[in-house]
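So you know, we letter chains A, B, ... as the sequences are listed, proteins then strands, and number each from 1.
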Amino acid sequence: MREILRLIVVLSLICGISAGALTVARLNLASRIEKQSDFYVRGPALERLFGKPAEELLGNKISLPIGDHLYPIFYLTEGSEITELAVEAPGPGGYGGDIIVMIGLDLRENRMVGMEIIQHSETPGVGSRVEKASFRKQWQGLPVDEPVELTSQGGQIDAISGATYSSKAVVNGTNHIIDLIRRHRDDIMAVIKAKGE
Amino acid sequence: MTLKQALVHGLWEDLPPFRLVLGLCPALAVTSSAENGLGMGLAATFVLVFSNMFISVLRKVIPDKVRIGSFIVVIATLVVLVEMIMKAYFFPLSQQLGIFIPLIVVNCIILGRAEAFASRNPVLLSMADGLSVGIGFTISLAVLGSIREILGAGTWFGWQVFGASFEPFEFMVKAPGAFICLGIILGLMNAYSRMRGETFIQT
């Protein structure tokens, strides 16, 4: 009995101290990691979506808290009008967890500009092919207010052969964003307006 | 083992992955370029030195029955730490190495050194052992990565080595190239050791 108790106490202590150390490290490094991923991942993605230099776009960032999730949103303005948005959200159902998707939206024409993958843990060479331009370009020009679906389910997106789960996760992420825009369009506009003033 | 022995044994006698033939998975998978090999080696060295240190400190506290579990917790903590530091300061490298950074947790060199050395030796000696094996691993991966990158892409750490007329053997940066390259180095090392009459090699 004493021995079992000792096993439990020692193992719990080691785990507890480890968890504490990682929490401290995370609190200290989180903002730096966020900046790095803005610079190396979101910047290039925004450049591809809107064809403007990243420095111009990265500053136009808001974070919209809905539920317990923080949605990063980038915006472009022309005069006082908000013309384009890039919204980022997780798409559940990937083979290696959520795939973080960014969709560029043209608000004047209510169409998508394109889709970018911000983060994924899919199998290299299989699921990771969702990053390919040939897959991503299917999003160009899709309407903003209709959910997307894979062609096998009667939709408009051709899944990557051998990577149906990954393709589906990207579709889920897209629908997540479409839903977000449908419900919270006014909130987003209000936050951006408030930031601009 | 003396401190001096602990410091040098990982550089030739127990050089990973060639001598120990452990840690082959990262050695083969990430050495498609010299930079990746070096980065992976340094990350593994950091984990190795500190895991050896913590495990050596705790060796009298950790009950024998749960030692492997305890080692894994210590190693996993360090690996997550390395992953976060890499993301915060060397983001492009962390994207390149991707899944192989978390996989350092199950790198058998690290668990092997913890079990075979750090759990029976004092702190300083264990850290020296970790450092020596880690540096050996880093050099090996950098060399393996260099050979593959120079032949397979015509560059070294991203610099163009050959003129434009050089046609790279693309095969070398793919998986089979890794096996062949590793096999040739292993063979050459064994032949050299046999010639010198060293006794520690597998025959």
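Among B:Met84, B:Lys87, B:Lys65, the residue making the largest number of heavy-atom pairs under 4.5 Å with chain A is B:Met84. Heavy-atom pairs under 4.5 Å with chain A were tallied for B:Gly69, B:Ser94, B:Ala88, B:Ala76; the largest tally goes to B:Ala88.
A:Glu3 touches chain B through its side chain: at least one heavy atom from C-beta onward sits under 4.5 Å away, while N, CA, C and O do not. Neither the backbone nor the side chain of A:Ser121 comes within contact range of chain B; no heavy atom of the residue lies under 4.5 Å from a heavy atom of that chain. Proximity to chain B involves both the backbone and the side chain of A:Leu7, based on heavy atoms less than 4.5 angstrom apart. Both the backbone and the side chain of B:Tyr89 come within less than 4.5 Å of a heavy atom of chain A. In this structure, no portion of B:Leu78 lies under 4.5 Å from any heavy atom of chain A. Contact of A:Ser37 with chain B is made through backbone and side chain together, with heavy-atom distances under 4.5 Å.
Judged by distance alone, the side chains of A:His176 and A:Tyr71 do bring a donor and an acceptor atom under 3.5 Å apart. Between the side chains of A:Glu78 and A:Thr83, no donor-acceptor pair is found at a separation under 3.5 Å. In this model, no donor atom of one side chain and acceptor atom of the other lie less than 3.5 Å apart for B:Ser70 and B:Arg59.
Using a cut-off of 4.0 Å between Lys/Arg side-chain N and Asp/Glu carboxylate O, A:Arg129 and A:Glu122 are scored as not salt-bridged. Ion pairing between a basic and an acidic side chain is recognised when a charged N comes within 4.0 Å of a carboxylate O; A:Glu149 and A:Lys168 show such pairing.
Atom CD1 of residue B:Ile104 and atom SG of residue B:Cys25 lie 11.5 Å apart, to the nearest 0.5 angstrom.
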